[in-house]
Amino acid sequence: MCCWQEKCKKKTVVVYNDILAMDGMGDVAVGVKRGSDELMSASVYNSGSDMSSIGDVTANGSDSKSNGSDSKKLRVEDRMEAPPSRVLHIRKLPNETSESEVIALGLPFGKVTNILTLKGKNQAFLELGTEEAAITMINYYSTVTPHVRNVPVFIQYSNHKELKTDSGNQRAQAVLQAVSAVQGGGTPASGSVVDLTAASSPVLRIIIDNMFYPVTLDVLQQIFSKFGTVMKIITFTKNNQFQALLQFNDPPTAQQAKIALDGQNIYNSCCTLRIDYSKLVNLNVKYNNDKSRDYTRPELPAGDGQPAMDPNMAAAFQGKDSNSLLGGLSPLNAAAAAAAAAGRVALSGHTGASGVLLASNLNEEMVTPQSLFTLFGVYGDAQRVKILYNKKDSALIQMADANQAQLAMSHLNGQKMHGKPIRVALSKHTSVQLPRDGLDDQGLTKDFTNSPLHRFKKPGSKNFQNIFPPTTTLHLSNIPTDVSEEDLRLLFSNAGGTVNAFKFFQDHKMALLQMSTVEEAIQGLIDLHNYNMGDNHHLRVSFSKSTI
């Protein structure tokens with residue numbers, strides 16, 4: 001039996017001692033202060049009480065004690081910790097904040113299942129579909145300050161495990177139902193949207209506020225095509241503001257997109273979408289270039305010396321695969337990730353963003369610098385990895401640049417690795433320091449700068465076009481001709497999982513292999529990427545958007 005047919009042995013990680021800890025351990029505490037719902041005092045509701053009473057009290061405007069004016073009380077209660085909950089408490093919202101703007105804060109992290117706005121108190125409660133989604137949202141906003149209308153807001157866990165709202169919350173529920181229908185790929189139920197402006201046109205007028213980074217026509221197409229077929233786009237600058245006209249195939253689709261996206265940020269804390277209906281009902285596009293595009297007429301000329309649409313980009317945005325780059329991400333995060341992968345714009349909402357990530361909640365008995373390098377290397381070229389000496393469930397990973405760090409964070413935060421959901425956040429460090437000369441760091445720090453396993457060293461590499469979130473399906477390549485389906489099934493089964501499906505293609509040089517869970521697929525990729533199959537054939541493993 002060949003070496004690649006042997007069972008994979010479990011790695012033993014030695015717990016090392018006597019090494020200097022990296023300075024700045026403050027990075028390990030990635031969560032924000034979690035307090036009780038301090039602005040809703042016990043006189044409004046008691047812990048465990050029916051949340052429907054909140055809507056009644058709020059509507060009556062009673063309970064002056066809960067107006068948040070006592071700053072000392074806030075400071076005391078901010079120190080009180082609440083356990084993770086899928087209900088989040090949002091404070092310090094700007095006046096007249098809309099329900100859709102509050103919902104937009106949670107959209108990138110999963111399904112939003114309920115909302116309660118307390119407009120007189122500038123607060124809201126947001127319920128996500130799962131506790132994991134809420135944890136991811138809290139972790140993310142602990143590193144990037146959330147903004148609504150360019151005003152920073154505060155988000156923390158609620159003491160309540162679910163929201164129960166009354167009939168007085170119809171407006172918020174109507175918006176939520178419309179957004180939920182879009183999230184699920186459907187359309188709002190008849191009569192579910194009340195008191196909303198009827199869509200008078202399939203054309204939306206889009207204004208980009210707080211535009212720190214360029215927004216391309218292709219990014220707009222990716223974002224809005226989540227809701228339906230984008231027919232035409234025209235971009236222009238008016239009154240020193242970047243604007244666009246975007247035409248859907250019908251007014252209801254335009255309405256869904258407006259409800260879900262109005263007020264959202266394309267990139268972190270910047271490039272805010274302001275959306276209204278246009279008076280136009282049809283756009284007249286003469287040229288297909290970087291300023292305008294008619295997706296129904298690819299034969300149109302570029303015109304006026306403007307660059308034509310890149311053929312590769314055109315193929316990516318046409319037909320049924322127009323959302324292929326989106327994977328399992330929300331449209332906004334996915335558009336940002338795709339734009340960064342194409343080398344077009346920066347992802348970070350501020351300049352000087354770090355390329356160093358902090359990964360926490362790791363399985364310290366199993367994790368190694370090599371395993372982190374392999375996993376994070378799917379989304380960029382990991383340069384250095386350091387497992388922290390006095391907190392071995394945390395590690396610093398230095399990516400090649402801030403864009404790659406953002407991509408890795410958006411795809412890997414919350415994913416399970418070695419049985420534990422890992423937390424990934426941006427670090428305050430700007431680089432990972434190597435051990436001093438002569439100091440044995442006992443394997444906790446590794447420099448991968450010159451590794452031959454980097455996937456993205458070549459500018460414009462095709463690997464940039466195949467960045468997908470972790471899925472159950474793995475793409476295998478560089479397979480020797482004498483390796484059979486049974487051999488590969490056995491190899492991945494021995495890595496600790498169940499192979500549910502398999503398919504060869506391209507004359508058996510490539511294959512798709514589907515594991516039973518995403519965690520098993522992650523483990524298979526970590527263990528078997530670059531696995532020596534014999535005769536110097538090293539297996540290449542990546543996540544696939546396809547299913548078998």
Side-chain angles (χ1 to χ4, degrees), residues 199-208 211 213-254 256-258 261 266-267 271 273-326 331-332 334-346 458-467 545:
S200 56
S201 168
V203 179
L204 294 177
R205 178 171 173 263
I206 304 160
I207 298 175
I208 309 295
M211 190 167 168
Y213 294 99
V215 176
T216 67
L217 185 148
D218 294 324
V219 166
L220 289 174
Q221 195 273 348
Q222 288 182 56
I223 294 171
F224 284 85
S225 64
K226 174 70 176 178
F227 304 91
T229 303
V230 174
M231 311 290 285
K232 305 170 186 178
I233 305 177
I234 298 174
T235 63
F236 56 97
T237 300
K238 183 177 181 181
N239 299 327
N240 294 322
Q241 279 189 312
F242 179 85
Q243 302 187 29
L245 295 172
L246 184 146
Q247 181 177 339
F248 281 103
N249 57 338
D250 56 54
T253 305
Q256 294 172 23
K258 180 183 183 299
L261 297 177
I266 296 177
Y267 305 122
C271 299
L273 293 167
R274 300 296 178 202
I275 305 173
D276 208 342
Y277 299 111
S278 171
K279 295 179 181 179
L280 301 173
V281 294
N282 185 53
L283 297 180
N284 182 20
V285 177
K286 297 180 179 179
Y287 306 112
N288 282 342
N289 52 43
D290 62 350
K291 301 294 183 184
S292 62
R293 190 113 5 108
D294 187 337
Y295 294 93
T296 67
R297 300 180 62 193
E299 75 281 2
L300 288 178
D304 297 334
Q306 291 286 343
M309 185 181 188
D310 181 84
N312 294 327
M313 298 295 285
F317 297 137
Q318 286 178 356
K320 294 182 179 180
D321 294 328
S322 61
N323 288 333
S324 62
L325 291 176
L326 302 185
L332 296 191
R344 290 171 175 264
V345 293
K458 287 184 178 180
S461 167
K462 287 186 178 180
N463 289 335
F464 279 112
Q465 302 172 23
N466 295 295
I467 297 177
K545 66 177 179 180

Query raised in the report: Cation-pi between Lys258 and Tyr277: NZ/CZ under 6.0 Å from ring centre and within 45° of the ring axis?
Result: yes
Query raised in the report: Does Thr229 have any side chain to side chain donor-acceptor pair (under 3.5 Å) partners at least two apart in sequence or in another chain, and if so, which?
Result: none
Query raised in the report: Given side chains that start at C-beta, do those of Val203 and Leu246 come closer than 4.5 Å, heavy atoms only?
Result: no
Query raised in the report: For the side chain of Lys232 and the backbone of Leu283, is there at least one donor-acceptor N/O pair under 3.5 Å apart?
Result: yes
Query raised in the report: Looking at Asn288 and Arg293, what are the two nearest heavy atoms and their distance?
Result: OD1-CA, 3.4 Å
Query raised in the report: Are any non-hydrogen side-chain atoms of Phe242 and Ile208 less than 4.5 angstrom apart?
Result: yes
Requested in this report: Report the distance from atom CG of Asp218 to atom CD1 of Ile223, rounding to the nearest 0.5 Å.
Outcome: 11.0 Å
**Report entry** Qualifying residues under side chain to side chain donor-acceptor pair (under 3.5 Å), relative to Thr253, sequence neighbours excluded
**Finding:** Asp250
Query raised in the report: Which residues pass the side chain to side chain donor-acceptor pair (under 3.5 Å) test with Arg297, sequence neighbours left out?
Result: Glu299
Query raised in the report: Ile206 versus Arg274: any side-chain heavy-atom pair under 4.5 Å?
Result: no
Query raised in the report: Is there side-chain contact between Ile233 and Thr235, with at least one heavy-atom pair below 4.5 Å?
Result: yes
**Report entry** Partner set under side-chain contact (heavy atoms from CB on, under 4.5 Å) for Gln241, not counting sequence neighbours
**Finding:** Ile207, Asp209, Gln243
Query raised in the report: Please walk me through it: do Leu220 and Val215 pass side chain to side chain contact (heavy atoms under 4.5 Å, CB included)?
Result: CA-CA 7 Å; Leu220 289 174; Val215 176; 4.0 Å; yes
Requested in this report: Would you sort out whether Phe224 and Phe248 count as a side chain to side chain contact (heavy atoms under 4.5 Å, CB included), showing the intermediate values?
Outcome: CA-CA 9 Å; Phe224 284 85; Phe248 281 103; 3.8 Å; yes
